[in-house]
There are 4 protein chains.
Amino acid sequence: MPRRVDREARREEILQAAVRVFARKGFTAARIDDVAAEAGIAKGSVYLYFDSRDALLAAVFDSYAAHSAGVLAARSQGSPLERLADLVSTTIQFLASHPDHARVLLDLWSSGPPLDMAAVYREYREAVAGLLREAHAAGELRPGIGERHATVIVGAIEGCLVQWLVDPSVPLAELADPVIELCLDGVRA
Amino acid sequence: MPRRVDREARREEILQAAVRVFARKGFTAARIDDVAAEAGIAKGSVYLYFDSRDALLAAVFDSYAAHSAGVLAARSQGSPLERLADLVSTTIQFLASHPDHARVLLDLWSSGPPLDMAAVYREYREAVAGLLREAHAAGELRPGIGERHATVIVGAIEGCLVQWLVDPSVPLAELADPVIELCLDGVRA
Amino acid sequence: MPRRVDREARREEILQAAVRVFARKGFTAARIDDVAAEAGIAKGSVYLYFDSRDALLAAVFDSYAAHSAGVLAARSQGSPLERLADLVSTTIQFLASHPDHARVLLDLWSSGPPLDMAAVYREYREAVAGLLREAHAAGELRPGIGERHATVIVGAIEGCLVQWLVDPSVPLAELADPVIELCLDGVRA
Amino acid sequence: MPRRVDREARREEILQAAVRVFARKGFTAARIDDVAAEAGIAKGSVYLYFDSRDALLAAVFDSYAAHSAGVLAARSQGSPLERLADLVSTTIQFLASHPDHARVLLDLWSSGPPLDMAAVYREYREAVAGLLREAHAAGELRPGIGERHATVIVGAIEGCLVQWLVDPSVPLAELADPVIELCLDGVRA
DNA sequence: GATGAATGAGTATTCATTCAT
DNA sequence: AATGAATGAATACTCATTCAT
């Protein structure tokens with residue numbers, strides 16, 4: 001009778017270990033040995049669950065993309081702009097509370113195909129654009145607001161994330177409100 | 001001091017070659033051989049001008065930081081908010097027109113110490129915060145606008161940049177106006 | 001002793017599976033996993049019947065050597081030269097009808113000690129030399145035929161085998177007669 | 001000015017070192033380290049001249065195939081059967097005097113595509129068959145001699161080689177005459 | 001017996017860096 | 001200064017073997 005293991009659970013353990021290591025040293029500097037050590041297993045065992053080092057990064061991407069899709073899918077209540085504020089807030093809180101996962105975004109941005117960060121942002125922009133269209137229909141928007149403003153709203157979130165990743169003294173968790181205020185009403189008196 | 005000029009010029013040639021190569025393949029995948037070939041010199045000659053492969057990335061960083069400082073130093077005319085709009089616009093146009101340089105930001109973000117991207121963003125935030133303070137003094141701002149909104153404004157720019165880097169179909173050059181509109185007046189009716 | 005029979009039978013199954021795998025991919029490229037899969041058992045179970053991967057090749061050798069000894073032991077009727085012709089023919093038919101086994105000879109040749117292919121050929125040469133001595137005593141040989149001609153006769157068989165192994169379009173099964181003709185009468189008019 | 005080296009010469013040195021190592025340990029057991037050590041250079045330097053370990057074996061094959069073609073191309077004087085005897089003799093002398101090269105044949109036989117030993121033997125058989133046709137035209141052959149006898153003649157040589165490779169006590173160099181005698185006149189009185 | 005998850009020693013290959021010319 | 005051949009440390013990946021279940 002074979003030794004029993006929950007393959008999915010073990011895979012997930014290794015993946016989380018990889019996320020921690022990647023966050024700590026970056027994907028480029030991370031060695032398979034590091035991941036194995038972090039997971040408390042032998043190097044070769046990593047390969048029982050992932051085909052290659054790159055497959056590990058791809059799995060981190062999938063995991064991030066799934067989380068991201070989850071955030072987009074979570075529909076909140078209220079007016080379109082309230083729901084937009086909610087989406088912004090939820091996203092920022094998620095990123096702020098998963099710093100390791102967020103940190104790996106730096107490597108995902110650089111990694112290029114076959115990992116498709118472009119698709120993640122596209123979906124995000126489309127979700128925001130959809131809410132803006134609803135808001136427009138509800139008469140909540142001033143004239144001239146369109147797709148590109150959706151890009152800017154997504155950008156405001158990501159740009160705050162960048163600054164936090166590069167400088168932990170930037171208080172990401174507290175930037176949700178300023179982002180929302182700016183996106184809704186700007187700074188002008 | 002003609003030798004001096006030659007040396008600087010040659011160094012700059014190699015640096016620009018490195019920027020092109022890094023932009024094309026990413027720093028991790030870029031080989032000293034690639035840089036040498038792009039610069040049209042022998043591999044060993046790169047080491048006559050740069051101490052190491054990392055020094056090459058550091059030099060790209062310095063070059064970016066210098067450009068960035070230049071943008072911040074360029075004082076424009078007009079009211080504080082006009083000058084803010086100008087800063088945003090100038091920054092985006094600079095990035096959009098230097099795609100190779102911009103692309104290398106992906107690697108600079110990941111690279112960590114001793115390269116100090118944090119300082120670059122800090123200065124940027126301070127410049128924006130300064131303009132906001134001036135605008136506040138001039139009564140151009142609504143109440144409650146502060147440091148964090150400066151972070152968000154810088155973030156809006158960087159976040160648009162991220163999306164463009166990851167997906168060239170995002171029209172960075174055309175996002176200056178939406179960014180300014182959003183930052184100044186938001187989307188709300 | 002039913003267990004005993006089972007054990008032998010299972011061992012033989014695995015051995016035959018190994019022969020097929022070795023023939024297909026060569027010993028070097030053959031993995032224990034492949035052999036286990038071909039035998040329809042788990043990888044670890046192979047080790048219940050064979051001490052090591054090399055022991056598997058050794059067992060294939062033993063099996064080949066036993067077959068070979070069987071061919072040598074089979075005494076046919078007729079004059080010495082008729083029996084020589086018979087030996088040649090039997091050998092070639094055996095090899096041609098066991099292509100997997102034959103294919104593994106390529107690896108056995110390369111494998112060196114402790115596998116003793118030299119002994120197999122030595123016995124073969126001695127068998128042929130013995131027949132030649134009998135033929136000589138019977139006055140069937142022309143003068144000057146000796147040990148070395150025995151080597152050449154064995155070589156003619158093996159050399160046809162080599163060509164067939166390397167190029168399946170060589171019709172090994174149809175080479176028995178030409179080999180016999182050549183060895184007995186040569187090509188000269 | 002670069003360090004001067006004769007690339008071809010250095011490549012050939014490494015190739016010969018590889019032949020010695022492959023002959024000693026077999027290709028499978030031979031490490032790049034062994035080849036480098038035998039050549040008196042650093043491991044990495046091997047890769048300046050050969051793309052991969054397999055490329056090294058391929059180069060040995062090319063070298064063998066070239067020698068082999070050289071032997072076939074060397075046309076001797078005399079009647080067709082005299083020339084056939086010459087070809088046999090030359091081939092055996094070449095193999096006997098290049099034991100390292102010959103030993104590597106064991107690995108070439110096993111190596112399969114893309115190395116094409118089949119082509120080498122095909123050319124050899126064609127050369128022999130050509131001589132047999134000439135001999136037939138000259139009335140030197142008894143009836144019924146054809147392509148397959150060419151295969152057997154080539155086989156007699158290769159089969160002697162096999163026995164020598166597997167058992168150095170087999171006196172390959174002295175087998176040329178017995179091979180020729182057998183092929184021409186057989187053993188029968 | 002049977003299993004198959006885990007192990008970790010073993011190696012081909014890459015590439016930044018050096019330095020003889 | 002310029003070159004590019006040489007170096008060898010670094011590392012992803014493989015797979016025979018073990019052993020807990």
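First the proteins, then the strands, lettered A, B, ... as listed; each starts at 1.
Comparing F:dA1, E:dA2, E:dA6 by their nearest atom to the side chain of A:L48 picks out E:dA6. Closest to the A:R53 side chain, of the nucleotides F:dC13, F:dA6, E:dT17, is F:dC13.
Distances shorter than 4.0 Å separate some side-chain N or O of A:R10 from OP1 or OP2 on E:dA6. An OP1 or OP2 oxygen of E:dG1 is reached within less than 4.0 angstrom by a side-chain nitrogen or oxygen of C:R7. Residue B:R31 places at least one side-chain N or O under 4.0 Å from the OP1 or OP2 atom of E:dA16. B:Y47 has no side-chain polar atom (N or O) that falls below the 4.0 Å cut-off from OP1 or OP2 of F:dA2.
Less than 4.0 Å separates DNA chain F from at least one heavy atom of each of the following residues of residues 34-45 of chain D: D:I41, D:A42, D:K43, D:G44, D:S45.
Two residues, C:A29 and A:I32, neighbour DNA chain F, and the one matched to the more 5' nucleotide by heavy-atom proximity is A:I32. Between D:S52 and C:Y49, it is C:Y49 whose nearest contact on DNA chain E lies nearer the 5' terminus.
Summarising the geometry, the separation between CG on A:D33 and C1' on E:dA9 is reported as 12 Å, rounded to the nearest angstrom. Regarding D:E13, its CD atom lies at a distance of 15 Å from the P atom of F:dA5, rounded to whole Å. Distance CG (C:D51) to C1' (F:dC19): 16 Å, rounded to an integer number of Å. Atom-to-atom, CZ of A:F27 to C1' of F:dA12 comes out at 11 Å; the value is rounded to the nearest Å.
Pairs of Watson-Crick or G-U wobble type, with distances under 3.5 Å, assemble into runs of 3 or more in DNA chain E at these ranges: E:2-21 with F:2-21.
Closest approach of D:R24 to D:R103, counting heavy atoms only: O-NH1, 4.5 Å.
Between D:D33 and D:K43 there is a salt bridge, since at least one side-chain N of the basic residue sits less than 4.0 Å from a carboxylate O of the acidic one.
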Show your working on side-chain contact (heavy atoms from CB on, under 4.5 Å) between C:L165 and D:W109 and close with a plain yes or no.
CA-CA 8 Å; C:L165 289 173; D:W109 285 332; over 6 Å; no
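Remark: B:A59 pairs with B:R11, B:L15, B:F50 by the side-chain contact (heavy atoms from CB on, under 4.5 Å) rule, at least two apart or across chains.
Under a cutoff of 6.0 Å and an axis angle of 45°, C:R53 and C:F27 form a cation-pi pair.
Between the CG atom in C:L95 and the NE2 atom in C:H101 there is a gap of 10.0 Å [rounded to 0.5 Å]. The OG1 atom of C:T28 sits 9.0 Å away from the CG atom of C:L57 when rounded to the nearest 0.5 Å. Note that CD of D:E12 and CG of D:D6 are 10.5 Å apart. Values are rounded to the nearest 0.5 Å. One distance of note links CG of A:L48 with CD1 of A:I41; it measures 8.0 Å at 0.5 Å rounding.
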